[in-house]
There are 2 protein chains.
Amino acid sequence: MVTLKEIAEKCSVSITTVSNILNGKSNVSQETKERVLAVIKETGYRPNYMARGLRASKTNSVGIIIDDLTEFSSTGIIDGIMSYFEEHHYKAILENLRFYSKWGTKWYHNKGYEDAVQQAIDEFEAIKVDGIIYVAGHARCISCIPDNLNAPLVIAYAFTENPGISSVEFDDMQAACDMTTNLIKNGHKKIAVIAGTQKNIHTQRRLEGYKKAIKEQGLEDSRHLKYANWDRESGYEAAKELLADNECTAVFCFNDLMAAGVYDYLDEKGLVPGKDISVAGYDNRTISQYLKPALTTVEIPLVDIGRKAAELLLNQINNPDNFEPQQHFVQCGIIERKSVGKL
Amino acid sequence: MVTLKEIAEKCSVSITTVSNILNGKSNVSQETKERVLAVIKETGYRPNYMARGLRASKTNSVGIIIDDLTEFSSTGIIDGIMSYFEEHHYKAILENLRFYSKWGTKWYHNKGYEDAVQQAIDEFEAIKVDGIIYVAGHARCISCIPDNLNAPLVIAYAFTENPGISSVEFDDMQAACDMTTNLIKNGHKKIAVIAGTQKNIHTQRRLEGYKKAIKEQGLEDSRHLKYANWDRESGYEAAKELLADNECTAVFCFNDLMAAGVYDYLDEKGLVPGKDISVAGYDNRTISQYLKPALTTVEIPLVDIGRKAAELLLNQINNPDNFEPQQHFVQCGIIERKSVGKL
């Protein structure tokens with residue numbers, strides 16, 4: 001394999017110059033840059049990001065720690081992070097904590113949780129990554145990030161009370177407000193709500209958004225509200241209770257899986273979503289396009305969340321003494337399909 | 001943070017003994033082992049896997065290289081790999097090549113492909129992982145694995161002609177044979193086939209399985225066969241052509257997305273899958289449970305593929321001079337739901 005030194009000799013420049021070009025520093029003339037990059041391409045030289053940690057103060061590598069790769073939100077966020085870093089010539093490697101797979105939905109009450117996070121941070125610091133992104137599986141306040149970090153860290157899909165750490169989430173409250181407003185503008189005045197589990201932060205934010213829209217549009221709070229378990233079965237059970245009195249013309253489900261449960265209930269009763277009763281979901285999971293009729297739902301901009309987290313981290317890496325930590329919220333979109341009808 | 005040395009002193013054993021216990025070597029008495037593990041637990045000591053590469057010949061870490069994390073098969077396989085290694089006290093880290101995201105479905109014709117694989121291997125070797133698993137996004141012969149590897153490598157979801165490298169796939173041919181047999185045993189004699197793209201190895205293996213079943217059951221090859229593009233739209237178009245003459249009573253689709261396209265076509269014609277025409281899919285993607293009626297399909301044992309690949313790799317790591325490379329095929333299951341009716 002060709003070395004940095006050989007490339008430097010071939011181009012009659014110093015090793016530092018070649019290294020600066022590879023690291024994207026701007027203190028090299030355009031002409032030299034093009035000449036060196038041509039030789040690099042010709043020789044097939046590949047910089048070895050991870051091993052740089054053994055010799056350089058900057059490795060152009062970042063670590064991603066993820067609650068659980070199998071969560072529906074994970075791959076989109078990771079793809080966003082990785083695409084951003086690839087464009088900026090950084091290498092991203094990933095550690096998957098497998099919390100949901102190991103401990104079910106209650107894993108964040110497990111004592112092993114904080115140890116596992118700490119260990120993952122230690123591992124990445126040991127190979128001298130330039131920064132770390134922690135990708136959560138659901139919104140919560142993450143309090144186990146140690147204060148004495150050696151590398152900057154950004155949280156995606158959750159937040160922290162540590163004022164020195166940036167986080168990127170989506171605007172859950174506003175998206176729920178938008179979806180509720182959308183239902184009201186379609187003529188629905190009695191809207192049932194199938195919320196998630198009661199203490200969950202997503203549930204709380206979405207309820208807040210629903211209430212905001214109801215108030216803004218001058219309607220009264222629905223008494224047709226059930227907390228459910230985020231799954232299809234609990235959506236079905238909630239629909240059974242909420243829709244029995246035929247008072248509501250629409251149901252806002254706080255995720256797509258529960259909306260699929262509502263479809264099951266309506267199907268059983270011979271009712272058609274979007275015609276007899278309007279149904280709205282949340283998440284824009286793949287299944288929402290395959291339900292019949294296709295489900296109107298909230299799209300969470302997962303890739304954008306990942307890219308924004310990567311941008312904040314890279315900014316902090318490049319300006320360690322001059323960055324402002326921020327709690328950033330990415331806006332969601334409403335995907336209008338066929339499950340909401342006009343009254 | 002507590003060190004190995006402090007633990008050794010506390011237990012009055014050598015550092016090597018503590019290290020052997022952590023590495024799962026068996027040359028330590030059960031009593032000593034339990035005593036040391038108790039102290040390790042009490043002190044909260046965490047071995048630092050990645051940094052071990054800087055000092056030890058064995059790091060208890062493995063690298064996973066993946067074609068693209070966003071492929072439907074990826075997370076299941078990775079979860080299997082990671083669960084196996086976690087049980088065996090190995091750390092697994094991941095590099096995502098993002099081939100589909102970057103280059104679409106034609107990426108393996110891209111020149112950058114081999115370079116990217118080589119670089120990922122270099123990176124992992126630089127931090128001295130004990131072994132590498134390459135997780136492909138679809139079945140193919142992978143010929144770009146270099147011969148002079150410093151660490152053992154196993155391929156999952158694809159294969160290689162290199163006789164020294166083990167691979168783990170699923171028995172695609174047999175699963176297609178089983179599904180076809182299942183249709184025939186339900187009384188279907190004219191079975192249309194919506195295959196994938198013609199040169200694709202999954203298509204070829206599934207067609208072979210279909211033909212085997214047809215022959216075994218004494219039927220004639222259907223002339224109702226269309227190659228399609230693996231997506232919903234192409235499934236719809238193929239159904240339109242294949243089902244127009246009302247000759248077939250069943251359609252075997254080589255993936256679930258194309259089966260969803262068949263549902264769209266039947267829906268348009270006022271026909272009910274499983275009642276008017278039977279539909280079988282392949283992959284058991286999440287959507288197959290949400291189609292109405294739920295889709296009968298082939299389940300690919302993704303987690304098992306991952307676990308088997310991990311097992312083969314660990315075996316090779318522990319017995320470098322005494323292992324037999326193998327091409328292993330995991331068996332699939334048939335998930336019977338409501339889309340196949342009895343004639």
Side-chain angles (χ1 to χ4, degrees), chain A residues 1 44 46-54 61 63-64 66 68-72 74-76 78-79 81-83 86 91-98 100-102 115-116 118-120 122-129 232 256-257 260 263-264 267 285-292 295 303, chain B residues 1 44 46-54 61 63-64 66 68-72 74-76 78-79 81-83 86 91-98 100-102 115-116 118-120 122-129 232 256-257 260 263-264 267 285-292 295 303:
Chain A
M1 201 169 121
R46 289 183 305 271
N48 196 325
Y49 294 91
M50 294 187 206
R52 280 190 195 175
L54 315 185
S61 70
I64 304 173
I66 181 145
D68 202 307
L69 196 57
T70 61
E71 272 299 284
F72 88 96
S74 296
T75 48
I78 292 170
D79 206 53
I81 294 171
M82 289 189 160
S83 69
E86 205 168 297
K91 197 93 197 162
I93 52 170
L94 198 130
E95 248 202 77
N96 176 18
L97 301 177
R98 301 186 62 251
Y100 294 84
S101 307
K102 282 196 289 187
D115 279 354
Q118 176 69 56
Q119 167 145 4
D122 286 354
E123 301 280 354
F124 278 137
E125 290 194 338
I127 59 166
K128 294 205 174 63
V129 294
R232 183 181 190 171
D256 296 339
L257 303 183
Y263 274 53
D264 292 338
D267 196 44
R285 298 198 194 200
T286 308
I287 63 152
S288 62
Q289 297 174 49
Y290 288 86
L291 293 173
K292 278 218 164 85
L295 182 69
V303 172
Chain B
M1 201 171 121
R46 291 182 304 270
N48 197 324
Y49 295 91
M50 294 186 205
R52 279 191 197 174
L54 315 184
S61 70
I64 305 173
I66 181 143
D68 203 309
L69 194 57
T70 60
E71 272 300 282
F72 89 96
S74 296
T75 48
I78 292 170
D79 206 54
I81 294 172
M82 289 192 160
S83 69
E86 205 168 297
K91 195 92 200 163
I93 52 171
L94 198 130
E95 250 203 74
N96 175 19
L97 301 177
R98 301 187 62 251
Y100 293 84
S101 307
K102 282 195 289 187
D115 279 355
Q118 177 68 56
Q119 166 146 4
D122 286 354
E123 301 279 355
F124 278 137
E125 290 194 337
I127 58 164
K128 294 206 173 65
V129 295
R232 183 181 190 171
D256 296 338
L257 303 183
Y263 273 54
D264 291 339
D267 195 45
R285 297 197 194 201
T286 308
I287 63 150
S288 62
Q289 298 174 49
Y290 288 86
L291 294 172
K292 277 215 164 85
L295 182 69
V303 171

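Residue numbers begin at 1 in each chain, while the letters A, B, ... track the order of the sequences. Please read these numbers as outputs of a predicted model, since none were measured by experiment.
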| request: Sort Arg232(B) into side chain, backbone, both or neither according to what part of it lies under 4.5 angstrom from a heavy atom of chain A. | output: side chain
| query | To the nearest 0.5 Å, how far apart are CD1 in Ile93(B) and CZ in Phe124(A)? | reply | 6.5 Å
| message | A side-chain contact here means heavy atoms from C-beta on lying under 4.5 Å apart; do Asn96(B) and Leu94(A) qualify? | response | no
| field | Options Thr75(B), Leu291(B), Asp68(B), Ile287(B), ranked by heavy-atom pairs under 4.5 Å with chain A, top entry | value | Ile287(B)
| remark: For Asp256(A), the side chain to side chain donor-acceptor pair (under 3.5 Å) test, sequence neighbours excluded, returns Thr297(A)
| Given the options Lys292(A), Glu125(A), Arg285(A), Lys102(A), which has more heavy-atom pairs under 4.5 Å with chain B than any of the others? | Lys292(A)
| query | With a 4.5 angstrom heavy-atom cut-off, which part of Asp267(B) approaches chain A: side chain, backbone, both or neither? | reply | side chain
| remark: Heavy-atom closest pair (Ser83(B) atom, Arg98(A) atom, distance to 0.1 Å) is CB-NH2, 3.2 Å
| Can you list the residues that meet the side chain to side chain donor-acceptor pair (under 3.5 Å) rule with Glu71(B), with sequence neighbours excluded? | none
| field | Glu86(B) versus chain A, the contacting section by heavy-atom distance below 4.5 Å | value | side chain
| With chain A, which of Ile64(B), Leu69(B), Asp79(B) has the greatest number of heavy-atom pairs at distances under 4.5 Å? | Asp79(B)
